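Scroll down for the structure; my scribbles are underneath it.
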2 protein chains.
Amino acid sequence: MEDQTRPRRERILDAAEELFALHGYDGVTLRQIARRAGVDVALANYHFGRKLDLFQAVFERRAAFLNNARREALHRCQGEAGETGPTLEQIIEAFLRPLELAQETGDTGWRHYLALIAYINNSPYWGPKMMSHLFDALVQEFIEALGKALPDARREDLYWCYQNLSGALTLTLAQTRRIDNLSGGLCRSADLQAAYDHMIPFVAAGFRKVCSSRAEL
Amino acid sequence: MEDQTRPRRERILDAAEELFALHGYDGVTLRQIARRAGVDVALANYHFGRKLDLFQAVFERRAAFLNNARREALHRCQGEAGETGPTLEQIIEAFLRPLELAQETGDTGWRHYLALIAYINNSPYWGPKMMSHLFDALVQEFIEALGKALPDARREDLYWCYQNLSGALTLTLAQTRRIDNLSGGLCRSADLQAAYDHMIPFVAAGFRKVCSSRAEL
DNA sequence: CAGCGTATTCAACGGTTGTTGAATTTGCAA
DNA sequence: TTGCAAATTCAACAACCGTTGAATACGCTG
């Protein structure tokens, strides 16, 4: 059920990550988590304290790594672009590809982790409590870069476009397999390369349309 | 807390709708719902049976009305367009505007209902169980229409673009107020007209970019 | 092997959950 | 008013929840 050689503390995080991503915070029991980790119930409390602290520990385990990967991708494309700055597509690519890479790792934990991010980002309850603490600084950096690539954009238009990007990304991270059913098997949620290969030009075209000079809405 | 003149059965649905939208299925107690409705716990079971049946009753109450409104909007723009068929923007408008209209009603129940739709659409657990039953027929009609407006589009590209549209819409329906914080008050989640006025050209440009003739990804 | 701190389990607690059957109230027809 | 069915409440059930303190096992240093 779970790799019995890993340290128990990690196994609890793994199990919590997966189950929280699938059923949400209230849909999962500490006893379910413990059973999946092959561990006694009380051990979760011993290592993490209250249930809510375990929930947050799951986020913090991978947050720094993920933010660094995305920030480095942005800085790299900025460095390569030089004076003129990177193109819209390059910025969006820097924002999205690190996620695809993480999802395609052998470590399935990343898939669960990003599905969990999708869960809180879409939740009116958790979203305000957790998203800004985790991602605000990084997102503002990207919006800054997008503004330079679209010099005529109004500030508010950039934020609305970012919300559209964030929503499209969130649904892909959630891995609901809805597109599998809808397309009759023609598209598969698990085909992440196809997902991002379609998302990047889609989103870039949207930004350009809405944020180009003197665009009338 | 809740309009005491409405029939109790409706008040239970109202309370369930609002609380489920905010906290999800497992995050809400039948006792919380009953208290909010000003009613005894057992009454929910009397009217709806198990908790899961109440959950589904919430969806079915407004599903037919919503699907009819969107289908009529599509048929209307198809009728007006005549031979050539409606433009991409007109189809997307028919898909989205009925939602904006519902959200802007005095009836706040619609806002909660659509936030609940966002919750299940983004959930790996509920999505497959509920979305296709509720919306598949309607969505296929829209994809059909989109395919006619983009005659060179490959079938799979249409579905991937629809997923991007669905994601952007879902995050807006969820009403998480994240954009309010992120933009420092410049944009407000509650400003639905601004949300849809930005979403429609954004999405239309994305479809065109990805689905136009011989586009290379 | 002794000793000691950490990791893990055991057993139990008070509180809450969904659900139910019986009792009570309500609304309306005869 | 009586009678009867639908609506609503009351009281209680077994099951499960998160959490805790004490007891046990483990892993290391001396």
Side-chain angles (χ1 to χ4, degrees), chain A residues 1-61 109 116 119-120 123 125-126 129-130, chain B residues 1-61 112 116 119-120 123 125-126 129-130:
Chain A
M1 171 159 287
E2 175 82 40
D3 181 359
Q4 299 290 351
T5 75
R6 305 195 63 191
R8 287 161 131 85
R9 191 175 184 281
E10 294 295 310
R11 277 170 24 209
I12 294 172
L13 286 172
D14 293 342
E17 192 170 55
E18 177 171 1
L19 294 174
F20 282 143
L22 184 57
H23 293 105
Y25 179 77
D26 299 290
V28 179
T29 289
L30 286 177
R31 287 175 162 84
Q32 293 176 287
I33 294 173
R35 193 179 329 136
R36 183 156 193 91
V39 149
D40 187 87
V41 203
L43 194 58
N45 289 89
Y46 172 75
H47 279 299
F48 302 101
R50 340 282 289 187
K51 182 184 181 184
L52 190 61
D53 298 323
L54 169 59
F55 191 60
Q56 289 187 297
V58 170
F59 286 98
E60 282 163 21
R61 176 167 61 154
L116 189 52
Y119 162 70
I120 64 162
S123 158
Y125 179 77
W126 293 108
K129 288 193 210 305
M130 310 211 54
Chain B
M1 169 158 292
E2 174 81 38
D3 180 357
Q4 298 290 351
T5 74
R6 305 195 64 191
R8 286 164 131 85
R9 192 175 183 281
E10 295 294 310
R11 277 170 24 209
I12 293 172
L13 285 172
D14 294 342
E17 191 170 56
E18 177 171 0
L19 294 175
F20 281 143
L22 184 56
H23 293 106
Y25 179 78
D26 299 291
V28 179
T29 289
L30 286 178
R31 287 175 164 83
Q32 292 176 287
I33 294 172
R35 193 180 329 137
R36 183 155 192 93
V39 148
D40 186 88
V41 204
L43 195 58
N45 288 90
Y46 172 75
H47 279 299
F48 301 100
R50 341 281 287 186
K51 183 185 183 186
L52 190 61
D53 298 324
L54 168 60
F55 192 60
Q56 289 188 296
V58 170
F59 286 98
E60 282 163 21
R61 176 165 62 153
H112 302 142
L116 190 52
Y119 161 69
I120 63 162
S123 159
Y125 179 77
W126 293 108
K129 289 192 208 306
M130 310 210 55

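Here the structure is a predicted model, which means the values were calculated and not measured. Below, read A as the first sequence line, B as the second, and so on, with proteins coming before strands; counting in each chain starts at 1.
Put simply, CG on Leu54(B) is 14 Å from C1' on dT19(C), counting in whole angstrom units. A straight line from CD1 of Ile33(B) to P of dT16(C) spans 17 Å, rounded to a whole angstrom. Atoms CG (Asp53(B)) and C1' (dG18(C)) sit 13 Å apart, rounded to a whole Å. In this structure, Gln32(B) places its CD atom 11 Å from C1' of dT17(C), rounding to the nearest Å. Between Phe48(B) atom CZ and dT20(C) atom P there is a gap of 16 Å when expressed in whole angstrom units. Protein atom CZ of Phe55(A) is 14 Å distant from nucleotide atom P of dT19(D), rounded to whole Å. If you take CG of Asp26(B) and P of dT16(C), they are 18 Å apart, rounded to a whole angstrom. Put simply, CG on Leu30(A) is 17 Å from P on dT16(C), counting in whole angstrom units.
Among residues at least two apart or in separate chains, ring-ring contact (aromatic ring centres under 6.0 Å, His included) pairs with a member in residues 24-54 of chain B are Phe20(B)-Tyr25(B), Tyr25(B)-Phe55(B), Tyr25(B)-Trp126(B). Applying the side-chain hydrogen bond (donor to acceptor under 3.5 Å, both in side chains) test to every pair with at least one member in residues 48-57 of chain B, sequence neighbours left out, gives no pairs at all. Within the structure, salt bridge (Lys or Arg N to Asp or Glu O under 4.0 Å) contacts touching residues 11-20 of chain A (residues at least two apart or in different chains) are Arg6(A)-Asp14(A), Asp14(A)-Arg61(A), Glu17(A)-Arg61(A), Glu17(A)-Arg62(A), Glu18(A)-Arg36(A).
For the pair Leu54(B)/Leu13(B), a side-chain contact is recorded, criterion being any heavy-atom separation below 4.5 Å from C-beta on.
Nearest nucleotide to the side chain of Thr29(B), out of dT8(C), dC17(D), dG18(C): dG18(C). Candidate nucleotides dC17(D), dT9(D), dT9(C) were compared by shortest atom distance to the side chain of Arg31(A), and dC17(D) ranks first.
For DNA chain D, no neighbouring residue in residues 7-22 of chain A is found when judged by any heavy atom under 4.0 Å.
Between the CD1 atom of Ile33(B) and the CG atom of Leu43(B) there is a distance of 12.0 Å, given to the nearest 0.5 Å.
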So which protein nitrogen or oxygen atoms get under 3.5 Å of nucleotides 20-27 of chain D's nitrogens or oxygens?
unit_1	atom_1	unit_2	atom_2	d
dT20(D)	OP1	Arg50(A)	NH1	2.9

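Taking only side-chain nitrogens and oxygens, His47(A) never comes nearer than 4.0 Å to OP1 or OP2 of dT6(C).
Contact record, Val58(B) with Ala16(B): CG2-CB, 3.9 Å, taken as the closest heavy-atom pair. Closest approach of Ala44(B) to Leu30(B), counting heavy atoms only: CB-CD2, 4.5 Å.
Panel note: side chain Thr29(B), backbone Arg31(B); no donor-acceptor pair is recorded below 3.5 Å.
Axis angle, first five pairs versus last five pairs of the helix from dG3(C)-dC28(D) to dA30(C)-dT1(D): 0°, rounded to 10°.
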